[in-house]
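Just the heavy atoms: all of them, side chains too, but no hydrogens, waters or symmetry mates, feed the values below.
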Amino acid sequence: MTPGYSSAVKTITISQLAEWCDGKLLQGRPADVCASVSTDSRTLGEGSVFVALKGERYDGHDFIKTAAERRAGVLVASQLTAETVRFPGAIVHVRDTLVALQMLAWRYRQFRKDVFVVGVTGSSGKTSTKDLLAAVLSRRHRVNATKGNLNNHIGLPLTVLATELTDTCGIWEMGMNHPGEIEVLAEIAAPDAAVITNIGVAHLEHMGSREAIALEKGMLVESIRPDGVVVLPAADDFASSLRARSQAPVLTVGINDGEVRAENLRQGGSGMLFDLVSEHGRVSVELPLLGEHMVVNALLASAIALNQGISGEEIAAGLSSVQIAGGRLQRKMAGGLALIDDTYNANPDSMRAALATLSTLECHGRRIALLGRMAELGEHAKSAHRDIGRAAAAAGISLVLTVGAEAALIAEAAASAGTESLSFADHEEAAAWLKAEASRDDVILLKGSRSAAMEKIIEALG
């Protein structure tokens, strides 16, 4: 089965699809309308378009029989094998199925120029910011937002193709870990507005430096037309250089800083309270999310909404009801223990933000950080992990726990800085320690990169 996603495209005919893919329609009725587009044989339904992508570990052409069994209506293929020609529906032959998918998405976006599109990129916080944008922009728009992690060279085209006739806004994440990727995604998406969450040190393994990351992320800024808008965090080291690259107006946001800012910031019972302040006035906001960095993400979303004419009161209502994707600084109880679940992913910047949040939470016991490895740091991995150990100590964390050999460097550095620390070989050992030693009065942060799978500890606690 090939990885992918099913996207709804109910407005173009098979002949249009073939033309937009620069393909040749070998069989089928040209006037039939496409039902949806998928690169995953498991998601196909009757009438779907199956794009047979070929990757390093899979080949979609191996699943053409499955596509036929699931009554897919159209096959986009680059290989004319015996299985291909036996496909009972329409067949569009192309030179390269990935290029065909991207061209189809680009042309569909040109077809739907009426949709207001916000492109979101950054080293961390993309998904949370996307969710916050959806919460506020949905006050006026029907929104098509990125689902899951569909933000790369395959996922972004499928997200574009998921735009329904009734959608008036797209909020599309753009991820990268190699040079040149953002420019391609921005060309496909043709965004009207850009949000840069931050320029951090994620993906150093392939990018080499923050300067290189800023250069790449800034390609989204450069793609915005003069009648669009770019929103940046005022405190980011690269805000000035990114502003200089923009041909569109730029808004900055921050805590007590920027054109759109948070004032009177304080922590509430289950989130953050602040005044949203801009040239449009002041409004009180109750954000049901933890951490100052989440407030900045909310400000990024608010700046776009204000630019779109949405009132401060509507924005406050949207932010107060936001629901973000799982594993992002969410309070949970498991095994009678108070947990902060931030297990979705991690890089040095998001680690520091999570530790800072943990240090401010009300706690009658110990503040415990249970951390896994950070991926994609290359030659910077050892120093980055040690830096996080020192940051945990500086933040006043009571106890640092780690899982795995690479994350053990965090514990070692924290111990050297005077903070009590322990290292565990695996999730089971860590969970067993928590069951035996942790108190109901403790607050326990769990965080690590996807590959660290720190959520397994929560599952083990029951």
### Pairs satisfying salt bridge (Lys or Arg N to Asp or Glu O under 4.0 Å), at least one member in residues 428-441, at least two apart
none
### Message
Parallel, tilted or perpendicular, judged at 30° and 60°: which one describes the rings of Trp20 and Tyr108?
### Response
tilted
### Query
Pick from Val120, Thr159, Thr121, Asn151: which one makes a side-chain contact (heavy atoms from CB on, under 4.5 Å) with Trp172?
Thr159
### Message
According to ring pair (Phe, Tyr, Trp, His ring centres under 6.0 Å), who are the partners of Trp106, at least two apart in sequence or on a separate chain?
### Response
none
### Message
Assess, by modelled atom type and distance only, whether the side chains of Glu173 and Thr127 contain a donor and an acceptor separated by less than 3.5 Å.
### Response
yes
### Query
Can you name the one residue among Val231, Ile315, Ile171 that meets side-chain contact (heavy atoms from CB on, under 4.5 Å) with Ile304?
Val231
### Pair listing, salt bridge (Lys or Arg N to Asp or Glu O under 4.0 Å) test, anchored in residues 354-372, at least two apart
Arg366-Asp442
### Message
Taking CD in Gln267 as the centre, count heavy atoms belonging to other residues, nucleotides or ligands within less than 6.0 Å. Is the count above 12?
### Response
yes
### Message
What's the separation between atom CG in Leu299 and atom CG in Asp257, rounded to the nearest 0.5 Å?
### Response
10.5 Å
#### Entry: All pairs passing side chain to side chain donor-acceptor pair (under 3.5 Å) where residues 291-303 contributes a residue, at least two apart
Thr129-Asn297
### Query
If we only count heavy atoms from C-beta on, is the Asn149 to Tyr344 side-chain gap below 4.5 Å?
yes
### Nearest heavy atoms of Ser48 and Leu44, plus distance in Å
CB-CD2, 3.7 Å
### Task
Hey, could you give me each pair passing side chain to side chain donor-acceptor pair (under 3.5 Å) that has a residue in residues 228-240? Not counting sequence neighbours.
Arg210-Asp237
### Query
Who passes side-chain hydrogen bond (donor to acceptor under 3.5 Å, both in side chains) against Arg140, sequence neighbours left out?
Glu314
### Query
Under 6.0 Å from the CD atom of Gln110, do we count more than 12 heavy atoms belonging to anything else shown?
yes
### Message
If you compare all heavy atoms of Ser423 against all heavy atoms of Ala411, which two are closest, and at what distance to 0.1 Å?
### Response
OG-CB, 3.4 Å
### Query
In this structure, which one of Lys332, Lys447, Arg328, Arg331 forms a salt bridge (Lys or Arg N to Asp or Glu O under 4.0 Å) with Asp342?
Lys447
### Query
What do you reckon, is CD of Gln247 surrounded by more than 12 foreign heavy atoms closer than 6.0 Å?
yes
